[in-house]
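Shown next, in structure tokens, is the structure this report addresses.
In each ligand, atom 1 is the first atom listed, and ligand 1 is the first ligand listed.
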Amino acid sequence: MLKLEKKSEEQSSSPMKTKVLLGHRRPADGKLFYHATACPSPNFSTLEGDHHADVCVVGGGLTGVSTALHLAKSGISVALLEAQRIGCGASGRNGGHIANGFSCELTRMEKMLGFEATKMLWQMVDSYLVDIDQNILTHGIQCDRKFGYIYAANNSYQMRELALLNDRLKSKYNYQKTTLLHKSELGKFLRTAQYSGGLFDKTCGQINPFKYLQGLVKQLKTMNVKIFEQSPAQAISPGSDLTVHAEKGRIKSKYVLLAGNAYLSCNTPLLEDKSIPVSSFVGVTTPLSRASIQSILPRDVTVADCNKIPDYFQIIAGNRMLFGCGINFLGKEPKTFRKIISSRIKRLFPQLTSFELEYAWSGLISSTTNKLPHIGQINSQIYYAQGFSGHGVVLSGLIGKLISEAILGNSGGFELFSRIKHKKLPPYPIKSIGLGIANLLHKLQ
Ligand SMILES: Cc1cc2nc3c(=O)[nH]c(=O)nc-3n(C[C@H](O)[C@H](O)[C@H](O)COP(=O)(O)OP(=O)(O)OC[C@H]3O[C@@H](n4cnc5c(N)ncnc54)[C@H](O)[C@@H]3O)c2cc1C
């Protein structure tokens, strides 16, 4: 077993002095396609009594599991605490889109971070896409990976933006995997009158994120990572090692990663002030006939439109359409969300006459004001990762890898992300009023 030394204080921010209090947000119930159709996950026991590990990971989503896996591969002992069940959060309820880059536009990133840093971040995400496919291959994970992704333009302005992005990616980022599709070419992939054109990316696409997560967890089990479910972490107290407290047990560790994302609450303003949990909605239809699929998505690509809050859809296992849309800035699940999804599908594809929404659910997205991930350290021993802003299937795995590297003493990649500056959100009640207005504007739109 590798010996993990605590870093000296000069190497990192100051050590912990006071207790950090933690809570968790319970995921909404809903009828989840992924959970209903995957092989049953193993049940892990509740944390009881005292345990030791080099690193304690709080949160059993893609970020926590990725970090645990990378650390365990390096011989570090890891304990992972999950408040409910592994994959009950965003990682087991997202749209499964494997998309390159970030939620934030590249030009905006270049203005904020400079071109060189933006290019490095882009390339890191791009190469992590390859790592995901490598994981799928090496571990034989059956997670319905499909290639081919289209960013669809709703109007000529968005089409011009896509053309500029295509040029920029090719000339400045040396990224040659995209093709601009004008309206008539788009028609070969996507049969709707809605879009003016699109940008096709051949390496992006989709996976079943829950099956992928299950595949990674299977690896954790073979590496003796201690996994505990139904064990919400309640506090972290200081000491020569940190102690993570749950209701019936404790874990002592040198380092802690807070990977609870939108489902974690924490009394540290550093985390609470920089991101908000917003809810987003996904539905899955009854199986569609082959003829129906041909009439809407003849090339079986995965699609997201270019609106700030996009509609996104694809055909998934069992010939069903998965459709995601909308946001509630107050983190609520409006009663009408199923109706909204159905009507969006009908508006886009009026030719789709016979389908029901068999599954529908909501999930919390941790969103930052600049739509870039918020990664860092509360002190020299506690790391955190949140704020993937609806773009975390690839990013969460990458960030998990970078945090594990930082814990092991190679913090280059981690620092690139942790240097990103995030604006503070206003305190309550101003925050609630602002979010209420944002909600209203979104509804009107
Ligand atoms: C509806 C929806 C659709 C999305 N679609 C896409 C998409 O198509 N493509 C894309 O790239 N991204 C998408 N995302 C975003 C993506 O799913 C997330 O960025 C990513 O899954 C975040 O992973 P995570 O591990 O950080 O958080 P999560 O998967 O949310 O995991 C956090 C875990 O921590 C646990 N936890 C919280 N507090 C505690 C505590 N105190 N103690 C112990 N455990 C705790 C929670 O129970 C949860 O299981 C979507 C998100 C949502 C909600």
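- Side chain to side chain, His374 and Gln386 meet the donor-acceptor criterion of an N or O pair below 3.5 Å.
- Protein heavy atom at the shortest distance from atom 8 (O) of ligand 1 is His97 N, 3.0 Å.
- Salt-bridge formation is not detected for the pair Glu161/Arg168: no Lys NZ or Arg NE/NH1/NH2 atom is positioned less than 4.0 Å from an Asp or Glu carboxylate oxygen.
- Glu82 OE1, 3.6 Å is the protein heavy atom nearest to atom 33 (C) of ligand 1.
- Closest to atom 10 (C) of ligand 1 among all protein heavy atoms lies Val393 CG2, 3.3 Å.
- Under the 6.0 Å distance and 45° angle rule, Lys346 counts as a cation-pi partner of Phe355.
- Put simply, part of Gly23 is less than 4.0 Å from ligand 1, judged by heavy atoms.
- Applying the ring-ring contact (aromatic ring centres under 6.0 Å, His included) test to residues at least two apart or on different chains, the pairs with a partner in residues 80-107 are His97-Tyr149, His97-Tyr312.
- Among the atoms of Ser280, none of the N or O lies under 3.5 angstrom from an N or O of ligand 1.
- Side chain to side chain, Asn261 and Ser366 meet the donor-acceptor criterion of an N or O pair below 3.5 Å.
- Salt bridge status for Lys177 with Asp201: absent, with no side-chain N to carboxylate O gap under 4.0 Å.
- Listed by first then second residue, pairs satisfying salt bridge (Lys or Arg N to Asp or Glu O under 4.0 Å) with a partner in residues 143-155 read Asp133-Arg145, Asp144-Lys211, Lys146-Asp300, not counting sequence neighbours.
- A distance of 8.0 Å separates CG of Leu213 from OG of Ser41, quoted to the nearest 0.5 Å.
- Contact annotation: Gly324 has no heavy atom less than 4.0 Å from any atom of ligand 1.
- Close contacts of ligand 1 with Leu81, meaning ligand atoms under 4.0 Å from a residue heavy atom, involve 43 (C), 44 (N).
- Not one N or O of Leu364 is nearer than 3.5 Å to an N or O of ligand 1, by distance alone.
- The protein heavy atom nearest to atom 42 (N) of ligand 1 is Ala233 N, 2.9 Å.
- Between the side chain of Asn379 and the main chain of Gln381, a donor-acceptor pair closer than 3.5 Å is present.
- Those atoms of ligand 1 that come under 4.0 Å of a heavy atom in Ala259, given as number and element, are 32 (C), 34 (O).
- Annotation for ligand 1: atoms under 4.0 Å from non-hydrogen atoms of Leu62 are 25 (O).
- Counting protein heavy atoms only, atom 1 (C) of ligand 1 is closest to Arg93 O, 3.5 Å.
- Residue Gly390 places a heavy atom less than 4.0 Å from ligand 1.
- At least one heavy atom of Tyr312 sits closer than 4.0 Å to an atom of ligand 1.
- In terms of protein heavy atoms, atom 37 (C) of ligand 1 is closest to Tyr263 O, 3.3 Å.
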- Decide salt bridge (charged side-chain N to carboxylate O under 4.0 Å, His left out) for Lys254 and Asp241; before the verdict, give the C-alpha distance in whole Å, the side-chain angles of both, and the deciding distance to 0.1 Å. CA-CA 5 Å; Lys254 294 183 182 69; Asp241 276 348; 5.2 Å; no

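- Near Val282, meaning under 4.0 Å from one of its heavy atoms, ligand 1 places the atoms 1 (C).
- In this structure, a donor-acceptor pair under 3.5 Å is present between the side chains of Glu333 and Ser362.
- Annotation: the span from His70 atom NE2 to Leu402 atom CG amounts to 8.5 Å, rounded to 0.5 Å.
- Using cut-offs of 30° and 60° on the angle between ring planes, the pair Phe210 and His35 is parallel.
- In terms of polar-atom proximity, Ile365 is not counted as a contact of ligand 1, lacking any N or O under 3.5 Å from an N or O of the ligand.
- Counting the atoms of ligand 1 from 1 in the order shown, those under 4.0 Å from a heavy atom of Gly61 are 25 (O), 29 (O), 31 (O).
- Between Phe281 and ligand 1, a contact under 3.5 Å exists for no N or O pair.
- Residues Ser237 and His245 bring a donor and an acceptor atom of their side chains to less than 3.5 Å of each other.
- Of the protein's non-hydrogen atoms, Gly392 CA, 3.1 Å is the one closest to atom 19 (O) of ligand 1.
- Nearest to atom 27 (O) of ligand 1 by heavy atom, out of Asn261, Ile399, Asn94, is Asn261.
- For atom 40 (C) of ligand 1, the nearest non-hydrogen atom from the set Leu47, Leu322, Val58 belongs to Val58.
- Close approach of ligand 1 to His391 (heavy-atom distance below 4.0 Å) involves ligand atoms 10 (C), 11 (O), 12 (N).
- In this structure, Arg25 is not positioned above the aromatic face of Tyr263 in the sense of NZ or CZ being under 6.0 Å from the six-membered ring centre and within 45° of the axis.
- Interface atoms of ligand 1 facing Gly89, defined by a heavy-atom separation under 4.0 Å, are 29 (O), 30 (O), 49 (O).
- Contact atoms of ligand 1 toward Gly95: 3 (C), 4 (C), 5 (N), 6 (C), 7 (C), 8 (O) (distance under 4.0 Å to a heavy atom of the residue).
- For atom 23 (O) of ligand 1, the closest non-hydrogen atom of the protein is Ser91 OG, 3.1 Å.
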